[in-house]
There are 2 protein chains.
Amino acid sequence: MKKVTINSVASYAGVSKKTVSRVLNNEPNVSDATREKVLKVFKELDYTPNPIARGLAQNRSFIIGCLYDNPSKSYITRVQTGALAACHELNYNLLIHPCELRGEELISNIEQLIQTSRLDGIVLTPPFSDFPELVSFLKSKKIPYARVASAVLEDDSISVRSNDEQGAFEITEHLIKLGHKEIAFIKGHPDHSATEQRFKGYRRALASNGIEFDERLVEEGNFSYHSGVDSARTILDLNPRPTAVFASNDYMAAAVLKLATQMQLRVPDDISIAGFDNAPIARHIWPGLTTIAQPVEEMTQQAVKQLITHIGDPQESPYQVTLEAKLITRESTAAIK
Amino acid sequence: MKKVTINSVASYAGVSKKTVSRVLNNEPNVSDATREKVLKVFKELDYTPNPIARGLAQNRSFIIGCLYDNPSKSYITRVQTGALAACHELNYNLLIHPCELRGEELISNIEQLIQTSRLDGIVLTPPFSDFPELVSFLKSKKIPYARVASAVLEDDSISVRSNDEQGAFEITEHLIKLGHKEIAFIKGHPDHSATEQRFKGYRRALASNGIEFDERLVEEGNFSYHSGVDSARTILDLNPRPTAVFASNDYMAAAVLKLATQMQLRVPDDISIAGFDNAPIARHIWPGLTTIAQPVEEMTQQAVKQLITHIGDPQESPYQVTLEAKLITRESTAAIK
DNA sequence: TGATATTATGACACCGGTGTCAGATTGGGA
DNA sequence: TCCCAATCTGACACCGGTGTCATAATATCA
């Protein structure tokens with residue numbers, strides 16, 4: 001199996017390699033006859049251009065970096081799926097880079113990543129999407145970036161999100177419509193902007209239904225299953241016990257469910273439980289969790305597509321979209337008895 | 001911020017770029033004085049060699065591809081974690097490539113991946129690790145590869161595994177020691193070699209404890225939660241009902257637990273349940289699942305390290321390791337009453 | 001038909017490294 | 001002190017593409 005390079009194609013087709021390059025890149029100023037001749041040789045020789053050589057010549061790597069620091073494996077894989085779909089479509093590669101938001105030297109870690117791997121752009125997923133130090137660092141270094149699920153929509157950056165506040169509003173209202181008035185809330189990790197958004201939605205639903213907000217019903221979690229257990233312990237020991245619990249994600253909701261079950265409480269008869277994210281666990285436990293589904297793959301795919309487009313054509317103005325989140329009702333919530 | 005290339009370093013240090021290259025690659029035949037002088041300039045100019053240029057010159061990409069087709073997100077992220085650790089250490093990049101084993105044109109899909117991304121090597125994770133068509137294709141194309149968690153140890157390939165058969169043996173014996181004699185078994189996906197291994201371990205434990213194997217207690221699953229539900233339905237309806245169920249992975253075990261709970265069975269009082277893999281769900285449900293923990297990150301890391309070493313020095317003989325799996329007992333199994 | 005505008009094509013340098021090989025320098029032994 | 005081997009070093013081509021620019025071919029118009 002001999003190597004097929006642009007030179008072999010050129011000599012085989014009887015044209016210069018520059019012309020071959022033109023055909024490769026769909027450049028104008030190639031006659032139809034020549035173009036077809038070259039395309040035929042591509043097929044005959046089964047030619048695939050070498051992205052490394054191309055990268056060297058154009059000073060690009062065709063690699064997008066994807067940053068995440070997220071306890072949810074399913075969220076991560078969904079992000080990856082969306083990012084890969086976009087990369088695949090546009091002939092880019094994806095470099096995944098898990099790292100810690102609060103780890104030491106985050107910025108220099110990222111800087112080194114960019115230096116050594118020569119990334120063409122970066123996708124920021126929560127909690128990085130709204131981390132000001134990182135965003136302004138990328139901006140100052142003029143590294144193209146896109147933000148997934150960020151709360152703040154800046155004017156000048158690519159950002160694709162779904163409406164966390166609205167989702168939280170809807171699920172809270174769902175509980176209220178079922179007759180619940182004492183609805184406990186477990187917050188997420190303070191570094192994630194979604195935490196604040198979901199809390200806002202919860203409060204707005206209470207307010208718009210004339211239910212007074214009760215601070216004692218709010219617990220601080222951090223999105224981890226473990227933090228859910230701690231919060232659940234406090235909430236379930238309250239007297240009177242709330243009739244419903246809305247946890248900011250499904251892992252914490254699963255923890256509430258576990259503890260409730262251990263305490264011989266029947267869900268949803270004795271207490272309703274709602275989560276957020278529609279993680280696999282939401283349907284792997286019994287009863288299944290009522291939750292909010294976000295289009296994570298779709299968000300990431302759009303963000304990466306925009307990012308790559310922007311890299312290829314920087315004056316293209318960045319765009320910002322908000323996608324819909326959707327209420328999914330399962331067995332863990334029911335009308336109050 | 002000006003670009004720092006090997007040329008800038010060379011002229012700044014007053015040597016030829018070839019000498020700089022020698023220092024970069026730790027080649028011999030550079031005097032200590034020269035070497036230090038160049039190293040100092042590296043620091044001063046904050047020079048990072050361009051992997052793309054290096055790749056072009058050496059006809060390498062410094063990219064390892066990681067193939068997977070696995071329903072378990074946690075398994076995937078663990079694989080990625082291990083692979084990334086190895087890549088990071090050896091200055092390689094990781095290209096993740098989810099794809100379907102039984103998808104159409106798998107081979108040509110992989111071939112295209114290798115062609116277009118110029119992978120230097122491939123890590124195969126289950127179920128690819130033991131997929132003969134793919135392995136022999138890679139061998140014929142002389143693409144270096146390493147296999148993670150494969151059942152078959154060929155002589156001439158890198159392979160790191162853990163002992164599935166032994167793990168299944170131990171967990172079955174654990175149930176037997178608790179007094180169980182009717183132990184149902186749910187098989188995994190037939191494409192995964194682990195499926196056969198775990199079944200073997202189950203049967204060996206029965207045999208070595210003088211318990212007759214009963215075919216009616218065996219159900220065909222496919223590692224998915226959903227298949228677990230189906231298998232559980234059949235098993236739990238058996239009369240007499242088995243006193244324990246050993247599912248080939250934790251998702252299926254969780255499904256058994258869910259159905260048992262729905263049927264008002266108490267776990268472990270009425271029935272014991274065991275899983276395999278120690279997936280997060282094993283401790284996210286109540287009662288927590290007794291299961292087998294495998295060193296997935298460690299396996300993958302070792303495999304990738306070996307692979308990269310082999311790429312750099314092909315006559316280095318490939319090595320094969322089997323790591324230990326470990327029994328983890330939680331609340332889902334108990335002595336028979 | 002000739003002059004000019006437009007399109008098509010190729011020669012050549014270049015991207016930032018590495019491989020080859022020749023020549024310069026150093027060191028050790030006679 | 002001289003010679004030869006061992007050690008250093010650099011010139012130059014090359015990896016496989018792309019950018020620039022000059023020139024060749026063709027089209028347009030008067």
Side-chain angles (χ1 to χ4, degrees), chain A residues 1-39 41-42 45-63 91 93 115-118 120 311-313, chain B residues 1-39 41-42 45-63 91 93 115-118 120 311-313:
Chain A
M1 191 185 88
K2 242 183 38 213
K3 247 189 316 187
V4 180
T5 72
I6 199 171
N7 290 298
S8 13
V9 173
S11 68
Y12 196 90
V15 299
S16 74
K17 60 186 210 170
K18 178 66 216 187
T19 298
V20 176
S21 167
R22 285 194 183 93
V23 175
L24 261 181
N25 296 285
N26 271 311
E27 285 174 30
N29 298 339
V30 179
S31 73
D32 290 351
T34 308
R35 188 179 299 275
E36 271 179 42
K37 186 170 58 181
V38 174
L39 285 172
V41 176
F42 283 176
L45 267 47
D46 192 21
Y47 168 69
T48 314
N50 185 331
I52 300 180
R54 197 196 286 236
L56 180 59
Q58 300 190 140
N59 194 26
R60 311 216 255 155
S61 63
F62 298 97
I63 294 177
N91 289 312
N93 282 335
Q115 268 286 321
T116 58
S117 294
R118 312 276 160 158
D120 287 347
I311 291 166
D313 183 3
Chain B
M1 191 185 86
K2 244 183 38 213
K3 246 189 314 188
V4 180
T5 73
I6 199 171
N7 291 298
S8 11
V9 174
S11 68
Y12 197 90
V15 298
S16 74
K17 60 186 210 170
K18 179 66 218 188
T19 298
V20 176
S21 168
R22 285 194 182 93
V23 175
L24 261 182
N25 296 286
N26 269 312
E27 284 174 32
N29 297 338
V30 179
S31 73
D32 290 351
T34 308
R35 190 181 298 275
E36 270 180 42
K37 187 170 57 180
V38 174
L39 285 173
V41 177
F42 283 175
L45 266 47
D46 191 22
Y47 169 69
T48 315
N50 185 331
I52 301 180
R54 196 196 286 233
L56 179 60
Q58 300 191 144
N59 195 26
R60 310 216 256 155
S61 62
F62 299 96
I63 293 177
N91 289 313
N93 282 335
Q115 269 286 322
T116 57
S117 294
R118 312 279 160 155
D120 288 345
I311 291 167
D313 183 4

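Residue numbering restarts at 1 for every chain, and letters A, B, ... go by the order of the sequence lines.
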What's the separation between atom NZ in K37(A) and atom CG in D32(A), rounded to the nearest 0.5 Å? 12.5 Å
Distance in angstrom units between N29(A) CG and dA24(D) C1', rounded: 14 Å
Respond yes when some side-chain nitrogen or oxygen of T19(A) is under 4.0 Å from OP1 or OP2 of dT9(C), and no when none is. no
If you round to the nearest 0.5 Å, how far is CG of N59(A) from CD1 of I52(B)? 7.5 Å
Is the count of non-hydrogen atoms from other residues, nucleotides or ligands lying under 6.0 Å from Y12(A) atom OH greater than 12? no
Give a yes/no on whether any side-chain N or O of S31(A) is located under 4.0 angstrom from OP1 or OP2 of dT26(D). no
At 10 degrees resolution, what angle do the end axes of the helix from dT1(C)-dA30(D) to dA30(C)-dT1(D) form when each is taken over five base pairs? 40°
With a cut-off of less than 4.0 Å, is there a side-chain N or O of S16(B) near OP1 or OP2 of dT9(D)? no
What does the B/S/- profile of nucleotides 13-19 of chain D look like, 5' to 3', with a 4.0 Å heavy-atom cutoff to protein? --BBBBB
Taking only residues two or more places apart in sequence or in another chain, which ones pass side-chain hydrogen bond (donor to acceptor under 3.5 Å, both in side chains) with R54(B)? N25(B)
So, using side-chain hydrogen bond (donor to acceptor under 3.5 Å, both in side chains) as the criterion, who are the partners of S11(A) when residues are at least two apart? none
Those residues at least two apart in sequence (or on a different chain) that pass side-chain hydrogen bond (donor to acceptor under 3.5 Å, both in side chains) with Y47(A) are none
Ignoring hydrogens and angles, tell me if any N or O in the side chain of D120(B) forms a donor-acceptor pair with the backbone of S61(B) under 3.5 Å. yes
Using distance only, find each side-chain donor-acceptor pair of residues 17-24 of chain B under 3.5 Å and give its atom names and separation, not counting sequence neighbours.
from, atom 1, to, atom 2, distance (Å)
T19(B), OG1, S16(B), OG, 3.3

